[in-house]
Amino acid sequence: MVEPTKKVWLDGRFVDWNDAQVPILTHTLHYGVGVFEGIRCYRLHDGGSAIFRLKEHVRRMSDGLKILKMEPAFSEEEVAQACVEVVRANELDECYLRPLMFCGDGAMGLAAVNTTRVAVACWKWGAYLGKEALESGTRLKVSSFNRHHVNVGMVQGKIIGQYVPSSLAKREAIAGGYDEAIMLDTQGYVAECSGENLFAVRDGVIRTAPTYSPILPGITRDTIITLCREMDLPVREERFTRDHLYLCDEVFIVGTAAEVTPVREIDDRCIGAGRPGPITKRLQDAYFDLVRGKNERHRSWLTMI
Ligand code: PMP
């Protein structure tokens, strides 16, 4: 359960958590046309807190609005500032932030265009797949639900309504006793998980689906690719199949919520030795160093609170 915080930023001002409410005919509640983000703020190793890659998250929201032909209600700078202020207002040093841009009420029907509204909430959220998964690895199942065809979902945006298949996939995986779902594209290649991008390692080569596959272009994915290049680890953005995954030495999944989570089992097959492998561990450590401000090279990815 989410533990309520004090304030939510709503359309340019702070309101109490319980007063952050919307009318029942809010357009996005009915049709899903809108965008959201998931962002993390971390306590730094040398004091203070910072939001990780805030600029990129806000930019992805703008990309989503453009795809949806929605008018922005605030500039990217204003939304970024709202994110910083909502963390301050709630006096949190580590939290998850949820900006949401949605079409308000007024007209109804699919073609209706109402005022774009914006909310930013934040709350304490620990490891998305659990602390144990971060340490020992998680268990995945290839889903019976596919990712969108590239001309069905506009997956370059983090668009609200597009999350229905992901939600069904995640629920199906959990009901089957697994932790997370792997979703294939409509041609059968591995795309991503319900809320994470996926990396597969075999013979030292790291592969992840390219951005022309129906994946969300994840900011953690980009961070990991950058780290691989800086650490001289061979990384390729190319399509691969589900059976390639079974034969991998290591698999890990990445996202703002799940951070860098090792995978120990896929479809009841052990991955590698069934515990986090050396490349996964190196990248996981490098990621946590980065978000906690220990990597001077990327201090510019941190927005101080
Ligand atoms: N894929 C999907 C479908 C997601 O919802 C997310 C979470 N935003 C990701 C990948 C990971 O993206 P990011 O690293 O930007 O959080």
Side-chain angles (χ1 to χ4, degrees), residues 32 34-42 51-64 67 80 83 95-101 120-122 125 127-129 133-134 138 140 142-143 145-150 152-173 179-186 189-200 208-228 235 237 251-261 263 283-284 286-288 290-291 298 301 303:
V35 295
F36 69 110
E37 268 305 323
I39 314 178
R40 275 193 193 268
C41 173
Y42 287 95
I51 301 179
F52 186 61
R53 301 199 71 176
L54 175 59
K55 219 169 131 201
E56 289 82 355
H57 283 281
V58 171
R59 182 175 180 217
R60 189 165 64 189
M61 291 194 98
S62 299
D63 289 348
I67 291 168
C83 290
C95 62
Y96 183 84
L97 287 96
R98 168 54 49 83
L100 187 72
M101 294 186 183
V120 188
C122 68
W125 206 357
Y128 178 63
L129 293 165
L134 277 182
T138 185
L140 310 185
V142 172
S143 182
F145 295 97
N146 281 129
R147 276 294 285 171
H148 302 273
H149 180 280
V150 289
V152 175
M154 302 290 110
V155 291
Q156 298 279 319
K158 198 168 160 66
I159 293 169
I160 296 169
Q162 283 175 184
Y163 275 79
V164 174
S166 311
S167 188
L168 294 175
K170 175 88 180 176
R171 288 171 189 200
E172 178 190 62
D179 305 316
E180 180 54 284
I182 298 174
M183 299 178 79
L184 308 179
D185 64 27
T186 47
Y189 293 96
V190 174
E192 60 175 349
C193 291
S194 72
E196 302 85 18
N197 295 114
L198 183 146
F199 287 78
T208 194
T211 50
Y212 57 80
S213 281
I215 61 164
L216 183 78
I219 291 157
T220 320
R221 174 186 178 280
D222 178 75
T223 304
I224 293 297
I225 292 173
T226 305
L227 285 173
C228 286
V235 59
E237 295 177 65
V251 174
F252 56 94
I253 56 176
V254 309
T256 299
E259 299 163 311
V260 178
T261 300
V263 174
L283 287 166
Q284 192 188 49
Y287 183 75
F288 282 119
L290 194 57
V291 298
H298 294 298
W301 280 349
T303 302

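Order of listing sets the numbers, starting from 1, for every ligand and every atom in it.
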One pair per line, please: each N/O atom of ligand 1 matched with every protein N/O atom under 3.5 Å away, atom names first, then the distance to 0.1 Å.
unit_1: ligand 1; atom_1: 1 (N); unit_2: Glu192; atom_2: OE1; d: 2.7
unit_1: ligand 1; atom_1: 5 (O); unit_2: Lys158; atom_2: NZ; d: 3.1
unit_1: ligand 1; atom_1: 5 (O); unit_2: Tyr163; atom_2: OH; d: 2.5
unit_1: ligand 1; atom_1: 8 (N); unit_2: Lys158; atom_2: NZ; d: 2.8
unit_1: ligand 1; atom_1: 14 (O); unit_2: Ile219; atom_2: N; d: 3.3
unit_1: ligand 1; atom_1: 14 (O); unit_2: Thr220; atom_2: N; d: 2.8
unit_1: ligand 1; atom_1: 14 (O); unit_2: Thr220; atom_2: OG1; d: 2.5
unit_1: ligand 1; atom_1: 15 (O); unit_2: Arg60; atom_2: NH1; d: 2.8
unit_1: ligand 1; atom_1: 15 (O); unit_2: Arg60; atom_2: NH2; d: 3.0
unit_1: ligand 1; atom_1: 15 (O); unit_2: Ile219; atom_2: N; d: 2.8
unit_1: ligand 1; atom_1: 16 (O); unit_2: Thr256; atom_2: N; d: 2.9
unit_1: ligand 1; atom_1: 16 (O); unit_2: Thr256; atom_2: OG1; d: 2.6

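Residues passing the side chain to side chain contact (heavy atoms under 4.5 Å, CB included) test with Ser167, sequence neighbours excluded: Arg171. The side-chain hydrogen bond (donor to acceptor under 3.5 Å, both in side chains) test applied to Glu237 returns Arg221, not counting sequence neighbours. In terms of the side chain to side chain contact (heavy atoms under 4.5 Å, CB included) criterion, residue partners of Ala257 (sequence neighbours excluded) are, by chain and number, Arg40, Tyr96, Tyr128.
The existence of a salt bridge linking Arg53 and Asp222 is confirmed by a sub-4.0 Å separation between a basic side-chain nitrogen and an acidic carboxylate oxygen. A salt bridge links Glu180 to Lys170: at least one charged side-chain nitrogen sits closer than 4.0 Å to a carboxylate oxygen.
A distance of 11.0 Å separates CD in Glu172 from OG in Ser194, rounded to the nearest 0.5 Å.
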